[in-house]
Trainee: 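Before anything else, here's the structure in question.
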Amino acid sequence: MSVSKRPKLVVGNWKMNGLRRDLAELTAIGEIGTACAPVQVAVAMPSPLIYPAARAAPGLQVGAQDIHPESGGAFTGGVSAAMVRDAGGGFALVGHSERRLSCGETDAIVQAKASAARRDGLSAILCVGEEAAARGQGQAETIVGRQLEASLPSTGDGAWLSIAYEPIWAIGAGHTPTLVEIAAMHAVIRRHCVVRLGEVGRSVRLLYGGSVTGANAGAILGLADVDGVLVGGASLRAATFAPIVRAAIR
Ligand code: PEP
């Protein structure tokens, strides 16, 4: 699929931030998203805010930061893909490094969560990325390849799935890999998708995440095989998110 057939996707991740009073920011972000079509804008919200967020920002795709692999049952604290959908959510992040590291999520669990999203009608943004030591040892592409091998569902269409490359050492750090490193990793991920999914792998959107700001978004989004960005800190305020969304228009 040509790059032009993969609309740019700018995704915010509010992490464990935000109360109902902050939804005015989301409404403003939704208005920016509408103004910047065909760029697609989405925000992964804390679970209690998914329902009010979907109502506060109808022009925006609202989603979850995590889902449970099971549909329902005795899983205290769990939130299923069906619940997210019922609340007005359209997608879920799976395998964010903060969950892989602090909740012990393995690639197998991430794969089960991605499959649960597909089963229950959500799209999934599957996150991968290496630690600083692996990058320093020249192992970044090997590590990310292994994560994809073990966490990517083996079926799926391109529209349902996106992959976010988020080097752990760049998240919230104020620095990013070089443009050459980002481009190289995205090429590796694209090859992996095609080997794994066939031609469908060309339509999977690949996002970069890690310290994206209005200052660096344009250059990152201009790289081949970068179809969007996943943004943490800068997505919390319309004033810092808007320049990133605008940088995706081209
Ligand atoms: C993230 O948490 O996915 C992220 C990319 O965070 P930040 O933009 O703050 O680095």
Side-chain angles (χ1 to χ4, degrees), residues 8-18 22 25-26 29 32-33 39-47 49-50 53 60-67 89 91-103 105 110 113-114 117 123-132 134-135 140 143-144 147-148 151 161-179 181-183 185-186 189 205-221 223 226-248:
K8 293 278 195 242
L9 176 61
V10 178
V11 184
N13 174 13
W14 277 27
K15 309 195 188 197
M16 201 169 74
N17 296 296
D22 300 308
E25 287 294 330
L26 205 71
I29 290 168
I32 293 155
V39 174
Q40 295 174 358
V41 182
V43 182
M45 298 300 292
S47 295
L49 290 183
I50 292 173
L60 194 69
Q61 176 136 193
V62 170
Q65 298 169 12
D66 180 48
I67 49 170
F91 75 97
L93 304 181
V94 295
H96 191 283
S97 60
E98 286 157 14
R99 295 202 58 85
R100 288 179 185 262
L101 294 175
S102 69
C103 305
E105 283 192 8
V110 174
K113 291 183 173 196
S123 50
I125 300 176
L126 194 158
C127 304
V128 292
E130 81 286 355
E131 300 203 52
R135 169 67 61 182
I143 297 290
V144 168
Q147 287 176 334
L148 288 171
S151 60
L161 180 68
S162 302
I163 295 172
Y165 167 55
E166 296 206 303
I168 295 168
W169 50 273
I171 294 178
H175 53 260
T176 68
T178 65
L179 294 175
E181 287 167 337
I182 295 172
M185 185 63 87
H186 279 240
I189 297 172
R205 279 186 287 190
L206 309 186
L207 317 181
Y208 168 77
S211 294
V212 175
T213 65
N216 60 24
I220 293 171
L221 284 159
L223 295 170
V226 175
D227 306 309
V229 285
L230 178 53
V231 184
S235 72
L236 290 171
R237 296 281 166 255
T240 47
F241 201 39
I244 299 173
V245 177
R246 289 197 193 100

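When a ligand or atom number is given, it counts from 1 through the structure's own listing order. The structure displayed is predicted, hence computed values, not measured ones.
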Trainee: Under the 3.5 angstrom rule, does the side chain of Lys8 hit a backbone N or O of Val226 as a donor-acceptor pair?
Mentor: yes

Trainee: For the OG1 atom of Thr213 and the CG atom of Asn216, what is their distance to the nearest 0.5 Å?
Mentor: 3.5 Å

Trainee: What residues, two or more places apart in sequence or in another chain, satisfy salt bridge (charged side-chain N to carboxylate O under 4.0 Å, His left out) together with Glu166?
Mentor: none

Trainee: Which pairs of donor and acceptor atoms, one on a side chain in residues 228-248, lie under 3.5 Å apart (sequence neighbours left out)?
Mentor:
| unit_1 | atom_1 | unit_2 | atom_2 | d |
| --- | --- | --- | --- | --- |
| Ser235 | OG | Asn13 | N | 3.3 |
| Ser235 | OG | Val231 | O | 3.2 |
| Ser235 | OG | Gly232 | O | 2.7 |
| Thr240 | OG1 | Ala234 | O | 2.9 |
| Thr240 | OG1 | Arg237 | O | 3.1 |

Trainee: Less than 3.5 Å apart, any donor N or O on the side chain of Glu130 or Trp169 sitting next to an acceptor on the other?
Mentor: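 Yes, because at least one side-chain N or O of Glu130 sits under 3.5 Å from a partner of the opposite role on Trp169.
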
Trainee: Which N or O atoms of ligand 1 sit under 3.5 Å from a protein N or O, and how far apart is each pair?
Mentor:
| unit_1 | atom_1 | unit_2 | atom_2 | d |
| --- | --- | --- | --- | --- |
| ligand 1 | 2 (O) | Lys15 | NZ | 2.5 |
| ligand 1 | 2 (O) | His96 | NE2 | 3.1 |
| ligand 1 | 3 (O) | His96 | NE2 | 2.9 |
| ligand 1 | 3 (O) | Glu166 | OE1 | 3.1 |
| ligand 1 | 3 (O) | Glu166 | OE2 | 2.7 |
| ligand 1 | 6 (O) | Gly232 | N | 3.4 |
| ligand 1 | 8 (O) | Gly232 | N | 2.8 |
| ligand 1 | 9 (O) | Gly233 | N | 2.9 |
| ligand 1 | 10 (O) | Gly172 | N | 2.6 |
| ligand 1 | 10 (O) | Ser211 | N | 2.8 |

Trainee: Tell me, please, which residues at least two apart from Glu105 pass salt bridge (charged side-chain N to carboxylate O under 4.0 Å, His left out).
Mentor: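 Glu105 satisfies salt bridge (charged side-chain N to carboxylate O under 4.0 Å, His left out) with Arg99, Lys113 only.
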
